[in-house]
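Right, one structure below, let's go through it.
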Amino acid sequence: MLRGGPAGARNAPSLEQINAEVFTLTYGSIVRQLISDFEDIEEVNKQLEQMGYNMGIRLVDEFLAKAKITRCSSFRDTADVVAKQALPMFLNVSANVANWSPDQTECSLVLTDNPLADFVELPEEYRELKYCNVLAGVVRGALEMVNMEVECRWVSDMLKGDDCYELRIKLKEHRDEKFPFKDDD
């Protein structure tokens, strides 16, 4: 989706590109308008996550159509696909999957670059703003469409002085696919 900067992974299918700066500034304008409309930072965080969720449930179809991947057999495989294929396809960045829980139901996507946050500085009064919360929503929405109910939350944010952007993903439920028809054997 973005043009500019080094690609995170070379195997990501190409999509029609837009200028990264235009995308970043447009996103910043959306965040600013939400702050103006709601005045409550926690509500802005919820709105950003919901916007991302709505995008994620739609983006997954495009990803599955263009990525040419096989079915993921586990949450671990799914996290790798998100980090190494989906993020490069849509944001032109990749992430590392790290910090797995012992039961393999929780991990982190660690990004050292985030085009949404280019040109952004958070003033002190917005320290509670989860500026990139739209990405948490996108991941949640996309994974829900492949029958994985997850919880996503930011645990590190370079806009707040951390060394990286870390999105923590927790698998709450992995539902079996259900088809509305029966095989006639």
Side-chain angles (χ1 to χ4, degrees), residues 1-28 30-31 48-100 104-120 130-159 162-171:
M1 183 172 212
L2 302 178
R3 183 180 341 131
R10 304 289 181 231
N11 296 343
S14 63
L15 295 174
E16 185 176 327
Q17 303 289 300
I18 66 169
N19 182 283
E21 287 82 14
V22 171
F23 176 75
T24 301
L25 294 173
T26 302
Y27 180 73
I30 291 168
V31 173
L48 288 171
E49 200 277 341
Q50 186 62 44
M51 286 172 48
Y53 173 82
N54 292 337
M55 286 188 255
I57 61 176
R58 289 167 180 79
L59 284 175
V60 74
D61 286 334
E62 184 170 1
F63 174 75
L64 293 172
K66 295 183 179 184
K68 298 179 180 115
I69 62 168
T70 59
R71 180 180 301 259
C72 294
S73 62
S74 67
F75 181 56
R76 183 181 273 281
D77 290 344
T78 303
D80 284 336
V81 167
V82 169
K84 302 300 182 202
Q85 292 184 345
L87 287 174
M89 180 189 285
F90 293 109
L91 280 181
N92 202 29
V93 297
S94 63
N96 292 317
V97 182
N99 305 323
W100 280 98
Q104 303 291 296
T105 61
E106 199 169 345
C107 67
S108 293
L109 296 182
V110 180
L111 297 89
T112 55
D113 185 31
N114 184 346
L116 290 179
D118 288 348
F119 317 118
V120 176
K130 297 174 185 169
Y131 187 83
C132 300
N133 219 27
V134 72
L135 292 178
V138 167
V139 170
R140 185 174 70 88
L143 293 182
E144 185 174 299
M145 295 308 292
V146 294
N147 299 316
M148 291 185 182
E149 185 181 340
V150 297
E151 177 183 293
C152 298
R153 62 185 168 81
W154 289 101
V155 294
S156 296
D157 187 340
M158 291 175 76
L159 292 174
D162 296 321
D163 294 337
C164 64
Y165 296 96
E166 182 179 348
L167 181 63
R168 193 79 181 149
I169 305 172
K170 179 179 183 174
L171 178 65

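For the residue pair S108 and N99, the shortest heavy atom distance occurs at OG-ND2, 3.7 Å. In terms of heavy-atom proximity, Q104 sits nearest to F75 at O-CD2, 3.5 Å. Of all the heavy atoms in Q85 and I69, the pair that sits closest is OE1-CG2, 2.9 Å. Considering every non-hydrogen atom in both A95 and K84, the closest pair reads O-NZ, 2.7 Å. Shown here for A83 and L109, the closest heavy-atom pair between the two residues is CB-CD2, 3.9 Å. Between Y27 and C132, the closest heavy-atom pair is OH-CA, 3.9 Å.
Residue L48 holds its CG atom at 9.0 Å from CD1 of I30, rounded to the nearest 0.5 Å. Here the CG atom belonging to N92 is positioned 12.0 Å from the CE atom belonging to M89, to the nearest 0.5 angstrom. Note that the CG atom of D163 and the CE atom of M158 stand 7.5 Å from one another [nearest 0.5 Å]. Expressed to the nearest 0.5 Å, how far OG of S156 lies from CG of L167 amounts to 10.5 Å. The line from CG of L64 to CG of L59 is 10.5 Å long, rounded to the nearest 0.5 Å. Note that the CG atom of L143 and the CD atom of E151 stand 13.0 Å from one another [nearest 0.5 Å].
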Note to self: Pair F63, V81 - check side chain to side chain contact (heavy atoms under 4.5 Å, CB included), show working.
What the structure shows: CA-CA 10 Å; F63 174 75; V81 167; 3.5 Å; yes
Note to self: Between I169 and C152, does the side chain to side chain contact (heavy atoms under 4.5 Å, CB included) criterion hold? Intermediate values first, please.
What the structure shows: CA-CA 5 Å; I169 305 172; C152 298; 4.1 Å; yes
Item checked: Check against side chain to side chain contact (heavy atoms under 4.5 Å, CB included), M148 and T78 -> CA-CA 10 Å; M148 291 185 182; T78 303; 3.1 Å; yes
Checklist line | side chain to side chain contact (heavy atoms under 4.5 Å, CB included) between D61 and M145, intermediate numbers included | finding: CA-CA 9 Å; D61 286 334; M145 295 308 292; 5.8 Å; no
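Between V120 and V31, the closest side-chain pair of non-hydrogen atoms is not below 4.5 Å. Side-chain contact check for D157 versus Y165: some heavy-atom pair is nearer than 4.5 Å.
A donor-acceptor pair is defined here as one N or O able to donate and one able to accept, closer than 3.5 Å; no such pair exists between the side chain of W154 and the backbone of K130. In this structure a side-chain-to-backbone donor-acceptor pair under 3.5 Å is missing from R76 to C107. Remark: side-chain polar atoms of K170 are not paired, donor with acceptor, to backbone N or O of V150 under 3.5 angstrom.
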